[in-house]
Amino acid sequence: MKKNVSIDEALNIFLENWQDKMPVENIPIAEGEGRVLAKPIHALSDIPLVRASAMDGICVKSELFEDGKPVNPDTWLRGEAYDFADTGDDFPDAFDSVIRIEDVTVSSHGQGVRFSDDLVFQKGMNILPKGHFIKKDQLIKEAPALLGSTDVAAIAMGNHGTLPVYRKPRVAFVPTGSELVDPGEPLHRGMNVNSNVLLARGMLSSFGAEMVKYPIVRDERALLKKHIDEAMLTCDLILVNGGSSKGSEDLALDILEKEGEILFHWVNCGPGRPTALARIKNKPVIVVPGPPYGCLNVLDWFVRPVIAYWLHLPETPRRKVRAILTEDVRRDRSFGFLMGVELTRNDDGQLHAKLLNFKKHGAARCLTAEGMFRLLPGMRELRAGDTIDVTLLRECL
């Protein structure tokens, strides 16, 4: 078992032991947003299949015009000299041009049409050619790719009803600790709220994984082992939340050591330094420390890249902004540390960043800040006025 590994070493240890990625499955296209496309998608059909009207109006025969002016339009019959055409729709082959509805007045009894005096007619006007929107065999989306709603709409335009995607990793989340209660339950002395389950669900979903929630496990060895054994049957990764430190009730490491192999314990990155990785029956188990900001930290630097790898992605897409530090940053440069970031936009139009230490400012303030910033071992000293890249946790000003 390795101890006090760097975050890069920890990730390498995981990927060396679990190199297989998620298999492909086919899903209804309506469920495609947020999934990772597994194969390139090409259009199955031209859209439109034949030429179509570019706007609402009437379709006409160009042979009934001379020098751009209609010939005896008061005698035109619907279905013979003209017909109605709607935007994007097909119309009878006998007609070859479309005049917008604003430029015509059609008789209510189906004979006779009046045109606006400023109409400029050209043969083939206001016609969308075959395949105007999308052409058969056109590449719509390369793979692998994380699909947004616009991607799904474009693929649907190519007449696909299903999508080949990588299966979502199933991640078990097992909260431990006799002191925990679910949100909203009465609190008594010595108790704490199981808020991490909500944090994990949201973050895992944003990574592209499916979380399987387990009930709070009291500090009972047999019950914790039972839940871990159950999770290994259906999940790709098990997260045990709590039980990784040195307390008398921290049972997770003891169970994992007896049932399998602990690959590392303690990482050179806080908060959440007592993180551990174990293997049981060739399934990965990560012991995530209980403090909420430590839980966020481990989910971000460790679980996020693992899920991205399993989904064949180089990394999970993340939005970042550049901001100017408002204060000098004091730190121990020997290990990494995750800081919350409060962002403000001053009169100069620039974003300014105040770094928050959860020990000083509290976990709740860090969790509700606009972003986060990771201090890495050996990183140069940061001073007020320096510019940093902030990873956003939510939209900022």
Side-chain angles (χ1 to χ4, degrees), residues 7-8 11 22 31-37 141-155 165-166 168-169 171 195-196 198-211 269 271-272 288 292-327 329 336-346 348-358 361 363-376 379 382 385-397:
I7 58 177
D8 289 337
L11 188 57
M22 291 295 108
E31 301 172 8
E33 184 177 0
R35 300 299 297 272
V36 178
L37 188 66
K141 192 71 177 178
E142 192 56 89
L146 182 64
L147 296 175
S149 57
T150 53
D151 301 315
V152 174
I155 293 170
V165 298
Y166 292 113
K168 284 187 175 185
V171 181
S195 60
N196 286 344
L198 302 177
L199 173 67
R201 175 183 286 132
M203 292 190 71
L204 289 169
S205 176
S206 73
F207 301 160
E210 173 189 352
M211 192 186 90
C269 181
V288 181
Y293 210 59
C295 180
L296 179 146
N297 189 21
V298 176
L299 289 171
D300 177 72
W301 72 258
F302 197 9
V303 179
R304 178 182 56 84
V306 164
I307 300 301
Y309 173 83
W310 275 350
L311 288 173
H312 302 247
L313 294 174
E315 61 180 14
T316 303
R318 322 174 78 199
R319 186 159 175 239
K320 295 186 177 183
V321 295
R322 293 183 67 76
I324 300 171
L325 282 174
T326 59
E327 301 172 352
V329 179
F337 202 82
L338 184 69
M339 306 285 283
V341 183
E342 289 181 339
L343 293 171
T344 55
R345 195 179 294 276
N346 288 3
D348 58 10
Q350 291 285 334
L351 279 175
H352 292 254
K354 176 180 176 62
L355 266 57
L356 307 176
N357 187 318
F358 85 101
H361 300 97
R365 187 172 172 185
C366 290
L367 289 170
T368 56
E370 288 77 17
M372 57 187 182
F373 179 75
R374 190 178 310 285
L375 299 167
L376 298 174
M379 180 182 287
L382 296 175
D386 288 345
T387 300
I388 61 171
D389 290 320
V390 179
T391 300
L392 291 181
L393 293 174
R394 58 190 51 80
E395 291 301 315
C396 64
L397 299 175

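All of these numbers come straight from a predicted model, not from anything done at the bench.
Between the side chain of Thr391 and the main chain of Lys320, no donor-acceptor pair closer than 3.5 Å is present. Side-chain atoms of Asp348 come within 3.5 Å of backbone N or O of Gln350 as a donor-acceptor pair.
The local environment of CZ in Arg365 is crowded, with over 12 non-hydrogen atoms from other residues, nucleotides or ligands closer than 6.0 Å.
Looking at Phe337 and Asn357, their side chains come closer than 4.5 Å, going by heavy atoms from C-beta outward. No side-chain heavy atom of Leu338 sits less than 4.5 Å from a side-chain heavy atom of Cys269. Between Glu33 and Leu147, every side-chain heavy-atom pair lies at or beyond the 4.5 Å cut-off.
Considering only residues two or more places apart in sequence or on other chains, Tyr309 meets the ring-ring contact (aromatic ring centres under 6.0 Å, His included) condition with none of them. Here Asp151 pairs with Lys141 under the salt bridge (Lys or Arg N to Asp or Glu O under 4.0 Å) rule; sequence neighbours left out.
When all heavy atoms of Leu146 and Gly34 are compared, the pair lying nearest together is CD1-O, 3.3 Å. Among all heavy-atom pairs drawn from Ala209 and Val171, the shortest one is CB-CG2, 4.0 Å. Heavy-atom minimum distance, Tyr293 versus Cys366: CE1-CB, 3.5 Å. Pairing each heavy atom of Arg304 with each of Thr316, the nearest pair is CG-OG1, 3.4 Å. A pairwise comparison of heavy atoms in His312 and Tyr166 identifies NE2-CE2, 3.2 Å as the closest pair.
Remark: Leu356 CG to Glu342 CD distance equals 4.5 Å, nearest 0.5 Å. Taking CG from Leu11 and CH2 from Trp301, the interatomic distance works out to 8.0 Å, rounded to the nearest 0.5 Å. In this structure, CD1 in Ile388 is found 5.0 Å from CG in Leu355, a value given to the nearest 0.5 Å.
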